[in-house]
Amino acid sequence: MNPKRVGVLVSGRGSNLQALLDACVGEFPARVVRVISNIPGVYALERAAAAGVPTTVISHRGKERAAYDAELRAVLEADGVDIVCLAGFMRVVGAGFLGGWPVLNVHPALLPAFPGMHGVRQAIEYGVVQAGATVHLVDAGVDTGPILAQGSVAVKADDTEESLAARILPLEHKLLVQALRQVAEGRVVVRGGRAVVELGVGERRWWG
Ligand code: GAR
């Protein structure tokens, strides 16, 4: 079967994008065919270019959500994208963007706790002793869609937002790659608002 065509939306450093680029080779059932950033000049765009993946910058500034969604959709549709990954994309996509393809998001917290911006900072400020990462399918809410995979790390007494985020990040990379594989292989169905995942050998939905 032909690998699924993946569009990745980014806003910054692009370490999750890099994990996808590194994974999407050989027998992996997906390929990154387009990277879109809403911010010009971010490092994620360099990572894409270094991997030979075409990039587009589509600024959200001064645009209505619906118009912005339509602009994103048009570029990805022109590339024949099957699956979209939000990999550090710091914008909410609206209803006009959803539908027609699965949209995966990686979030640096154990959802449904600490959705939205600054998930790691919220976890530290709340005083949790386990933090983590979630990969989920995007729905019309903010970080509310069906959960595909999660992983946790213990919070240390002297953790800062930066130190904790640095321990969560490798989990994000692993979970995002695994979830993309499962979706690309058609092993995920949504039933009653929850994701049901047919697990392969060595796969778990919970890490940490
Ligand atoms: C990641 O930690 C990702 O989970 C987070 O932004 C970071 C991007 O890093 N996303 C969100 O907070 C979305 N609400 P990266 O650019 O190195 O992948």
Side-chain angles (χ1 to χ4, degrees), residues 6-24 30 32 34-51 53 55-60 65 68-69 72 83-94 97-98 102-126 128 130-153 155 159-180 206-208:
V6 178
V8 183
L9 273 50
V10 297
S11 299
R13 163 184 67 177
S15 72
N16 279 287
L17 166 67
Q18 190 67 56
L20 295 174
L21 292 168
D22 292 346
C24 285
V32 180
R34 170 72 53 182
V35 171
I36 301 178
S37 172
N38 64 315
I39 313 270
V42 294
Y43 189 50
L45 292 167
E46 289 181 38
R47 295 183 192 264
V53 174
T55 62
T56 309
V57 175
I58 308 181
S59 173
H60 59 278
R65 163 95 25 91
Y68 188 61
D69 284 348
L72 293 175
I83 301 170
V84 179
C85 289
L86 309 185
F89 185 61
M90 297 304 182
R91 306 293 307 168
V92 173
V93 289
F97 187 79
L98 304 171
V103 180
L104 282 65
N105 181 46
V106 58
H107 183 74
L110 291 171
L111 293 173
F114 313 129
M117 299 290 283
H118 310 301
V120 179
R121 188 186 306 170
Q122 292 182 59
I124 294 225
E125 285 175 357
Y126 195 92
V128 296
Q130 290 281 320
T134 303
V135 176
H136 66 98
L137 290 168
V138 176
D139 67 6
V142 176
D143 297 328
T144 51
I147 288 172
L148 296 169
Q150 292 188 303
S152 71
V153 298
V155 181
D159 259 332
T160 61
E161 182 180 357
E162 290 69 31
S163 66
L164 181 56
R167 288 207 308 292
I168 292 172
L169 200 58
L171 266 178
E172 294 187 30
H173 300 161
K174 177 158 91 173
L175 296 170
L176 182 58
V177 168
Q178 172 178 293
L180 176 59
W206 172 259
W207 299 85

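One-based numbering, in listed order, for ligands and for the atoms of each.
Proximity of Gly14 to ligand 1 is established by a heavy-atom distance of less than 4.0 Å.
Summarising the contacts of atom 18 (O) of ligand 1 with Asn16, Leu175, Thr134, the nearest heavy atom is found in Asn16. Comparing heavy-atom distances from atom 5 (C) of ligand 1 across Arg47, Met90, His107 singles out Met90 as nearest.
The protein heavy atom nearest to atom 3 (C) of ligand 1 is Glu172 OE1, 3.2 Å. The protein non-hydrogen atom at the shortest distance from atom 12 (O) of ligand 1 is Pro108 CD, 3.4 Å. Of the protein's non-hydrogen atoms, the one nearest atom 8 (C) of ligand 1 is Gly88 CA, 3.6 Å.
Thr134 and Ala109 make their closest contact through OG1-O, 2.6 Å (heavy atoms, listed as atom of the first residue, atom of the second, distance). The shortest heavy-atom contact between Gly151 and Leu110 is O-CD2, 3.4 Å. Contact between Ile58 and Tyr68 at its shortest, heavy atoms only, is O-OH, 2.8 Å. The heavy-atom pair separating Ala133 from Leu175 by the smallest distance is O-CD1, 3.7 Å. Summarising the geometry of Ile168 relative to Gly132, their closest heavy-atom pair is CG2-O, 3.6 Å, with the distance given to 0.1 Å. Nearest heavy atom pair, residue Pro108 against residue Glu172, reads CB-OE2, 3.4 Å.
Ligand-side atoms of ligand 1 in range of Gly116: 14 (N), range being under 4.0 angstrom from any heavy atom. Those atoms of ligand 1 that come under 4.0 Å of a heavy atom in Arg13, given as number and element, are 9 (O), 15 (P), 16 (O), 17 (O). Under a 4.0 Å criterion applied to the non-hydrogen atoms of Ser15, ligand 1 contributes the atoms 15 (P), 16 (O), 17 (O), 18 (O).
Neither the backbone nor the side chain of His118 comes within contact range of ligand 1; no heavy atom lies under 4.0 Å.
Taking distance alone, with nitrogen or oxygen atoms compared against 3.5 Å, Asn105 stays at or beyond that limit from ligand 1. Residue Phe89 has no nitrogen or oxygen atom sitting less than 3.5 Å from a nitrogen or oxygen atom of ligand 1, judged on distance alone.
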Evaluation steps, side-chain hydrogen bond (donor to acceptor under 3.5 Å, both in side chains), between Arg91 and Ser11: CA-CA 8 Å; Arg91 306 293 307 168; Ser11 299; over 6 Å; no
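Between the Tyr43 side chain and the Ser15 main chain, no donor and acceptor come within less than 3.5 Å of each other.
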